Each structure stands twice: as C-alpha cells, then as structure tokens.
Amino acid sequence: MTESLDRDRLTAWRTYIEASQRLFTRLEDDLRADSGLSFADYHVLVLLSEVPGQRLRMGELADRLVFSPSRLTYQVSSMQRRGLVARQPCPQDGRGNEAVLTAAGLLALREAAPHHLHSVRTHLMDDLDDAEVAVLTRIFTRLGRRLRGADGSDATLATAPGDN
C-alpha cells in the first residue's frame, strides 16, 4: 500500500513539474513577445506596484521574490538601465537602497498585465490535458490544506482519502 502511494505521489509530482515547466516556458515566451518583460521583471514590477509608496528595501524585495541579493542586484540594475525602476538610498536611515517603481515601469506593467492574464488563461486551458489538470488540482488542494493548517499537525502532509 505504501509503495503504491509513494509511486502515485512520485508520478503526480513528476506530472506537476513537467506541466509547470512547459506552462511557465510558454508564459514567459508570451510575456517577452508582448511586452519585452521577463517573469522576474514582471514580478518585481507587480511587487513594487502593490506596496505603499511603490518602493521596497532591496533586502525585503529579495525576500519576497526569493532571490539572492546578488541576483536581485543584477535584476534591478538591468531594469534600472531600461528605466523601469530606480534605486535610491533608504530615506528612513540613509543606509542601504530601495527599489522604486518609475512611471515607465508602471506603464510597462499596466500594458503587460492584460496580455499576461490572457496568456495564463489560454495556456492553462489549451496546453494542459485533463490528467495534468487533475494532478495540479489535487496538489494545490493539499497545499491549501497545509497552508491553512487543517488540523494543526504534520498529518496534513499525508494523502487524504480520495486524493490518490
């Protein structure tokens, strides 16, 4: 029984990984073609657009994006050269830098967002078969239960009956 569950779980995760890699590759290709933005560019712009003052300390931005500090420095420098963000000293204490959304960055985000959402809907509906959708649904349902702490223990990590 355990061996069967392990094999099913491995198959489900392999399907998830393959489907998500294919999906994200297509989404990034579409995003670049429509707006010239990479996923990293897009996520930096989205995060900055959602915070008060449209500025974040570089460390906080790196944490939210799960980027290393060197990766974020490269990303922000690249975006700064294109005028999408600016880097300024932190006004509170003058130490460190903040990434600041520019008017050009906000405009790029506003133009890219509808195309990106259309692309997500299109690829989710057209590129995933029913089995992949079922696997992704099961995985995200389990993940949702874990994040909500359904019963407050590690037991939520186990496969629920009917989720095989």
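What you are looking at is a predicted structure, and each value in this text was computed from that prediction instead of being measured.
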Atom of F24, atom of F39 and distance for their closest heavy-atom approach: O-CE1, 3.5 Å

Non-neighbouring partners of S68 that pass side chain to side chain contact (heavy atoms under 4.5 Å, CB included), sequence neighbours left out: S70, R71

Side chain to side chain donor-acceptor pair (under 3.5 Å) partners of residues 101-111, not counting sequence neighbours, each pair once: none

Derivation and outcome, salt bridge (charged side-chain N to carboxylate O under 4.0 Å, His left out), residues E28 and R32: CA-CA 6 Å; E28 178 140 33; R32 282 188 188 276; 3.4 Å; yes

Sequence-distant partners of R14, side chain to side chain donor-acceptor pair (under 3.5 Å), two or more places apart: none

Exercise: identify the closest heavy-atom pair between A40 and F67: CB-CZ, 3.8 Å

Separation between CZ of R55 and CG of L61, rounded to the nearest 0.5 Å: 12.5 Å

Single-linkage hydrophobic cluster V76~V46, side-chain heavy atoms < 4.5 angstrom: yes

Non-hydrogen atoms of R82 and L84 that approach each other most closely: NH2-CD1, 3.2 Å

Single-linkage hydrophobic cluster L47~L107, side-chain heavy atoms < 4.5 angstrom: no

Validation row: L106, L48 side chains within 4.5 angstrom (heavy atoms): no

Criterion side-chain contact (heavy atoms from CB on, under 4.5 Å) on R26 and T122, from CA distance to verdict: CA-CA 10 Å; R26 290 187 177 136; T122 299; over 6 Å; no

Main-chain N/O of S38 paired with D41 side-chain donor or acceptor, under 3.5 Å: yes

Nearest heavy-atom neighbours spanning M58 and T73: CE-CA, 4.3 Å

Cluster link I17 to L23, ILVMFWY, side chain under 4.5 Å: yes

Nearest heavy-atom neighbours spanning L27 and S119: CD2-OG, 3.3 Å

Same cluster (ILVMFWY, side-chain, under 4.5 Å), M79 and Y74: no

Minimum side-chain heavy-atom gap D34-H118 below 4.5 Å: no

Where R57 and C90 come nearest, the two heavy atoms and their spacing: NH1-SG, 3.4 Å

Carboxylate-amine/guanidinium proximity below 4.0 Å for E60 and R64: yes

Check: H116 and S35 side chains under 4.5 Å, non-hydrogen atoms: no

